[in-house]
Amino acid sequence: MSGKLSSFDENHPRGSVPVTPDQIESAVAASMPQTVEDLKRLAAIPSVAFPGHPEEPVLAAAAVTEDLLRSAGLPRVQQVAVEGSYPAVYAEAPAPPGAPTVLLYAHYDVQPAGDPAAWRTPPFEPTLIDGRLYGRGTADDKSGVMSHVAALRAFRGRFPVGIKVIVEGQEEYAGERLEAFVERNPELLRADAIVVADTGNPRVGDPAVTTSLRGMAAFTVEVRTLREPVHSGSAGGAAPDALAALMRMLTALHDDNGDIRVPGLPRGSFFGQGPSEEEFRKTAGVLDGVSLVGSGSLADRLWSSYAITVTGLDVPTVAQAINAVQPVARARVTVRVPPAGDPKTTVNAVVDFLRQVAPWGVQVGFGDFTVGSGFQADSGGAARAALNRAMERAFGRPPRDVGAGGSIPLVNTLLKQFPAAEILLFGAEDEDAGCHAPNERVDLEELRKVATAEALFLLELGSPGAA
Ligand SMILES: [Zn+2]
């Protein structure tokens, strides 16, 4: 799609406002072609808000998001500055008398595409194959943007509850800047219920609400041993190799089974059912004959326990290898923290452990720390009950609780700022959507059901018993 969307009221004169669940369902279904066109338009923009990537496409995605929210009939739509980051897009419609207000969250930035050779289709040319739209960001999280837009459009500008929308522009990189924004602008975002459309169902058509998220901590570790590289023939065998020291430290983090050896990071248990080993192997693409690592059920390992991953190394590449003992080596280490854990305490435990296991008196330094807390939903009130009814109608069965291994640090900030608000995490990013991976895709039937559930939820919350 190109050009500006016409204003909403021109397309939908008043008098045809859908008020029944049937009408809501039909309205979302009827608008799916437009929803898909809009998703394509948004996903064609490489809005990668990482350093070293151009700013212009990120700002272009903000402008399109603004345009889409305006087309959803919200009377107030604007970009808001977020200090040190890209603008967020904010929109609102006032609550009808006595009705609650719902805040809808998504983000318009995306992960970098990575190696283009790993993609079946060009990452920023959204391509429809077998009912799924392929492209970077089609699921994470432009499907979230479109789920909100499609749900809101169904009401033709007359919303059953107060609506606030915040679409973030830099979630995938240093998303903590929006957290500071939330803390400084509580009135702008205050709501009775908050929908975070940045997760998904375990399988397409298998409805779930994400009730637990792991937090995250990350840091860079640097090992130094020599003033400069020395010849591995003349000095190797006696000169302390920084890379060898770093590898010993990193391998010490886990035992032979893949369980964490750092003291103070116990295994947790998840109350609820996770994937089977077969499902997980398929989703994660584990190669034949290769074992999974760690102990406990998969739900325990993925959602309620710590996980440590080395995500980057600064070492000479194979192509640039020379016969030298390395004087310095660096690694980026990421730690996933269960909802009950504290990311700062966790990162201190891992750093202390690495210092203790460092061999040969090598110099060890740590830097570039980031931390974000996890999330544990409480058992649920009126909003969760409304969502259960809405999802049951949209998917044909009620949702179950699942955890997510990933982190959305903003959720904890929202919880702290608005302790009385119910936070509901669901969306069209099913486990097989390939978020952050090549060939990311969203199932369009899943997107329709999620948008339908979201619209029915708004209706149900505004007039309990409607759905
Ligand atoms: Zn996301």
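Atoms within a ligand are numbered from 1 in the order they appear, just like the ligands themselves.
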D432 versus T283, side-chain donor and acceptor atoms under 3.5 Å: no

Looking at D130, I'd like to know if its CG atom is crowded, meaning that more than 12 non-hydrogen atoms belonging to other residues, nucleotides or ligands lie closer than 6.0 Å. no

Heavy atoms from other residues, nucleotides or ligands near CD of E445 exceed 12 (cutoff 6.0 Å): yes

Would E168 and Y105 count as having a side-chain donor-acceptor pair, cut-off 3.5 Å? yes

R384 side chain near P399 side chain, heavy-atom distance below 4.5 Å: yes

Keeping waters out of it, list the protein N, O or S atoms under 2.8 Å from the Zn ion (ligand 1). H107 NE2, D140 OD1, D198 OD1, D198 OD2

Once side chain to side chain donor-acceptor pair (under 3.5 Å) is applied, do any residues pair with E431, and if so which ones, sequence neighbours excluded? none

